[in-house]
Structure formats: structure tokens, C-alpha cells
Amino acid sequence: MTKDTRDELPLYEVFIRSKNGLDHKHVGSLHASDSEMALTNARDVYTRRSEGVSIWVVKSTDIVASSPEDRGSFYEPSDDKLYRHPTFYDLPDEVGHM
Amino acid sequence: MDARTDDLDRLEAEFQAKVDAEQRIEPKDWMPDRYRQTLIRQMSQHAHSEVVGMLPEGNWLTRAPSLKRKAILMAKIQDEGGHGLYLYSATETLGISRDEMFDQLHTGKAKYSTIFNYPTLTWADVGAIGWLVDGAAITNQIALCRCSYGPYARAMIRICKEESFHQRQGYEIMMTMAQGTKEQKEMAQDALNRWWWPTLMMFGPNDSNSANSAQSMKWKIKRQSNDELRQKFIDATVPQAEYLGLKIPDDELKWNEERGAYDFGEIDWDEFKAVVSGNGLCNRERLKARIDAHDGGKWVRDAALAYAAKKAARKAEAA
């Protein structure tokens, strides 16, 4: 799967805020020659029915991602700290909701 | 058993356990190579179908009977292009490039749905395609919304949301024609006659003849079998045809009280095989139109890249 892709337009990942108050969310990717074209393409491909009020595009090669293989060790530091969760604390029912 | 196969067996078992537990598989997760290859084949062919699917409808863009119908058809075709893009993008997460997928389509290595190799002879065909072809596609795609591969499932959810308009606009065209003049009603009936059987073929071979089905079900790529989905579509569509006052071209079609489903006649599998292997009415024409469009657009892609390179160079110089 290593066909020469030099002539292919670069890949961009697209993130869309569907309305103010919500986070941008990853929706997919697209090919574009530059960031400006990526934005207009993202508008055409991912917001044909007013699905967004704000779009981010970022070159896929610029994204640094953790790898699933070290899921265990990478997140380990948080696994043994049960006291960070509210359920760690036993309170009597009389106290009511807390 | 050496350590390597041992390792592979363990990974496969873990993978299957994850799938069985209804966890989604994401792009960077370990997956069996055959799972990856099955998805690449299925998803890219799905993407190709969306893109080639624009061609039969494009035939009627300039001849739609009103500005309203033209605007609707344009929006629908634009959606199909968009669906192709969602699916190509999801397939690329499996490690195949867009160019490679285009190559496979253009050289005939990858297939697309047989349905798009039939011609659109009258305006009623545009209605029949929306109602039947998009209806069948929705039946298939709803099942795929729960596919074990995350990016595919997410693309399907987005597509299903948009597809509903496609089917409704098609049914509305059929309704208008079925309630129109005698000639219009005949056109609607003729379109139903020609599209019914090819639509049933969209669900693929019978389960007993579908080699990859069992494995795909085990991997939860597929959730329902070809025959189950076909039956579901028929049961939903027959009453819709009755409402239109049109007759489905199958003398063996009959409600089966015991099964709670419609019995129906045998599909012409020879025709299906002929269309799959490239000898449908429009196979060559469709592929040529697709290749011409791709080659014809090359100078635009080249120019856009050259422009981006020039701008980047200028920016570097100024810095």
C-alpha cells in the first residue's frame, strides 16, 4: 500500500462546532491543496445542512496521536488513584445528596 | 507452534473478544489483516457506488420537468458525491490511499453496485431510483450504522440522516406521476417494472451462495444477512407500491401469513452475474464517464498543487 502519492492533494482532518456552546468534533477528512481550499471543501462536504457554525481543518500529518498499544502503561498513572472518584468516599445517607 | 503464531492467535482472540463485547475498532487498533482487507474492499466499493451513482441521475439534470425538481435532483446528486467522500475518507483510515482506490475503480479491479449499470430512460426512472434504489440502500446502511469499525459506522450514520430525503423525494415523484395522466401513470409503472428486480439484486447473492457473509457477521461488519435485508425491503415496499396503485412485476409475490412476510419469485441470477462481470447495459459507459471526469480534472488538481507550492515558497522567502 505504498503507491506513490506525491501527486495526491494533502489530507486534512476536519473538526466542526455544530453550535455555540459545544466543542469542535472530528467529523472526517478530505483532500485539498492548501488550508484555504480545505476550509471551503469542508464547508461543502460536511455542512450541507447547516451542521456547523465553525470549522477547523488541520493537516493529518500535523496530528500527533497516542498509540493504542501502550493504552495500558500510558494511562496507568490514573488507574491506581481511586480516591480521585467521588464513589471512593463512604458518607452516611443522613448527609443527603453530595 | 512458534512464538509468533502464538502471539497472533492471542491478538486475534483479543480482537474477537472486543468485537463480541460490542466495542468499536478504531483505525490504530490492532486488527486481523483479513478484517482490514474485507473492510477496504467493502468500503471502497461502497464509496465507488456513491460516486458512480451520480451518473444515471446526472442524465436527467438538464431535463428535469421543473426548476423545483431540478434543484432537488442537483442537491441529491451533490449528496451522493458527499457520501462518496465520507466513505473514501473512512476507508483511507485503513491505510489505502485515495489514488489507489481510484486506480482500482478505473482498472475494474474494484466493483461498484450493479444497479448503476442500468439506464435511466424516462423521468419516472429518477423517481423509481429515489424510492427503490435509495430505499434499498437505506435498508443496507441502517444495518451498517452498527458496524464494528468505528469510522465506517460513523460515516453510515451521517449518510443515513441525509438519505431519507432521497427516498422521500423519489416517492413523491412516483406519487405525482401515478396520480397524473394515463401516460404518466404508465411511465411510472414502466419504471417500476424495470427497476424492481435490479433493486432486489442490490442485496447481493442468497445467503447460501455468499462466501464472505459468515465471516463478516462474526466480525460484526455485517449485522444482518443479504436475504434478511432483502426480505425487510420487500415487506416495507409492497404496501408503498399498493398506495401508488402500481403493480410490482412479480407474479409470485404473495403475503405469507405464517411467516408474516411476503413470498416472492426467484431473482435472475444470470443477469446479476453478467452485470457484475461487466456486461450490463451501461458498464462501459459508466466507467468511461468516470475515468474521463478524473483525467479531465487532472490539470485542475495539478494547478491547485502548483499554486499552493508557489504560495508556500513565497511565504518561506518572506520569513
Side-chain angles (χ1 to χ4, degrees), chain A residues 1-19 23-52 55-75, chain B residues 11 14 18 25-31 33 36-37 40 75-76 78-79 81-104 150-152 154-155 157-159 161-162 164-165 297-298 300-312 315:
Chain A
M1 286 187 209
T2 47
K3 188 185 170 282
D4 195 348
T5 51
R6 269 177 315 175
D7 295 341
E8 205 170 64
L9 304 183
L11 191 63
Y12 285 81
E13 299 299 323
V14 182
F15 300 81
I16 290 179
R17 184 202 298 285
S18 57
K19 61 179 189 186
D23 293 323
H24 283 76
K25 198 172 147 193
H26 183 245
V27 292
S29 65
L30 50 77
H31 291 270
S33 59
D34 57 22
S35 44
E36 205 181 317
M37 186 197 270
L39 263 186
T40 47
N41 284 3
R43 177 202 60 196
D44 292 344
V45 177
Y46 292 102
T47 66
R48 282 193 303 283
R49 289 175 177 78
S50 341
E51 289 96 337
I55 302 176
W56 291 347
V57 290
V58 55
K59 266 197 174 159
S60 307
T61 49
D62 286 342
I63 290 184
V64 182
S66 65
S67 57
E69 291 88 73
D70 35 65
R71 192 173 275 162
S73 56
F74 193 69
Y75 298 103
Chain B
L11 284 169
E14 280 174 13
K18 225 164 120 181
I25 308 301
E26 294 296 341
K28 293 181 83 187
D29 292 345
W30 186 89
M31 61 187 87
D33 196 47
R36 187 186 298 276
Q37 296 311 326
I40 287 178
K76 177 179 190 300
Q78 197 189 6
D79 273 355
H83 296 174
L85 292 172
Y86 302 158
L87 284 162
Y88 281 131
S89 139
T91 317
E92 282 171 275
T93 63
L94 291 160
I96 184 169
S97 74
R98 185 79 58 103
D99 278 353
E100 209 170 348
M101 285 188 269
F102 286 160
D103 263 4
Q104 292 180 349
Y152 196 20
R154 291 193 285 276
I157 290 169
R158 194 170 298 121
I159 287 174
K161 271 188 203 159
E162 300 187 354
S164 165
F165 131 65
K298 186 174 187 310
V300 180
R301 296 190 295 276
D302 289 347
L305 272 178
Y307 176 68
K310 190 176 81 179
K311 260 199 336 192
K315 204 172 157 194

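In what follows, chains are A, B, ... by sequence order, proteins preceding strands, each numbered from 1. What's counted below: heavy atoms across the whole structure, side chains too, no hydrogens, waters or symmetry copies. In this text the structure is predicted, and so the values were computed from the model without any measurement.
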Looking at B:Arg158 and A:Glu51, does any basic side-chain N land under 4.0 Å from a carboxylate oxygen? no
For a side chain to side chain contact (heavy atoms under 4.5 Å, CB included) check, start with the C-alpha distance between A:Arg49 and B:Phe165, then their side-chain angles and the critical distance, and finish with the verdict. CA-CA 12 Å; A:Arg49 289 175 177 78; B:Phe165 131 65; 3.1 Å; yes
Do other residues, nucleotides or ligands put more than 12 heavy atoms under 6.0 Å from the [atom1] atom of [X]?
X        : atom1 : answer
A:Asp62  : CG    : yes
A:Glu36  : CD    : no
B:Lys311 : NZ    : yes
B:Lys28  : NZ    : yes

Interface residue of largest heavy-atom contact number with chain B, from A:Ser35, A:Ser29, A:Gly28, A:Ala65, under 4.5 Å: A:Ser29
Measure the [atom1]-[atom2] distance between [X] and [Y] for me, rounded to the nearest 0.5 Å.
X        : Y       : atom1 : atom2 : value
A:Leu11  : B:Arg98 : CG    : CZ    : 7.5 Å
B:Glu92  : A:Leu30 : CD    : CG    : 9.5 Å
B:Arg301 : A:His31 : CZ    : NE2   : 11.0 Å

Test side chain to side chain contact (heavy atoms under 4.5 Å, CB included) on B:Glu162 and A:Arg48 and set out the steps. CA-CA 10 Å; B:Glu162 300 187 354; A:Arg48 282 193 303 283; 2.8 Å; yes
Check for a donor-acceptor pair, side chain of B:Tyr86 on one end and backbone N or O of A:Val45 on the other, with a separation under 3.5 Å. yes
Cut-off 4.5 Å, heavy atoms of chain A, and the answer for B:Phe102 is neither
B:Asp302, part contacting chain A, at a heavy-atom distance under 4.5 Å: neither
With chain A as the partner, which of B:Ala304, B:Gly82, B:Ala75 has the greatest number of non-hydrogen pairs under 4.5 Å? B:Ala304
Residue pair A:Glu8 / B:Asp99: nearest heavy atoms and the distance that separates them: OE2-N, 2.6 Å
Exercise: identify the closest heavy-atom pair between B:Leu305 and A:Pro10: CD2-CD, 4.0 Å
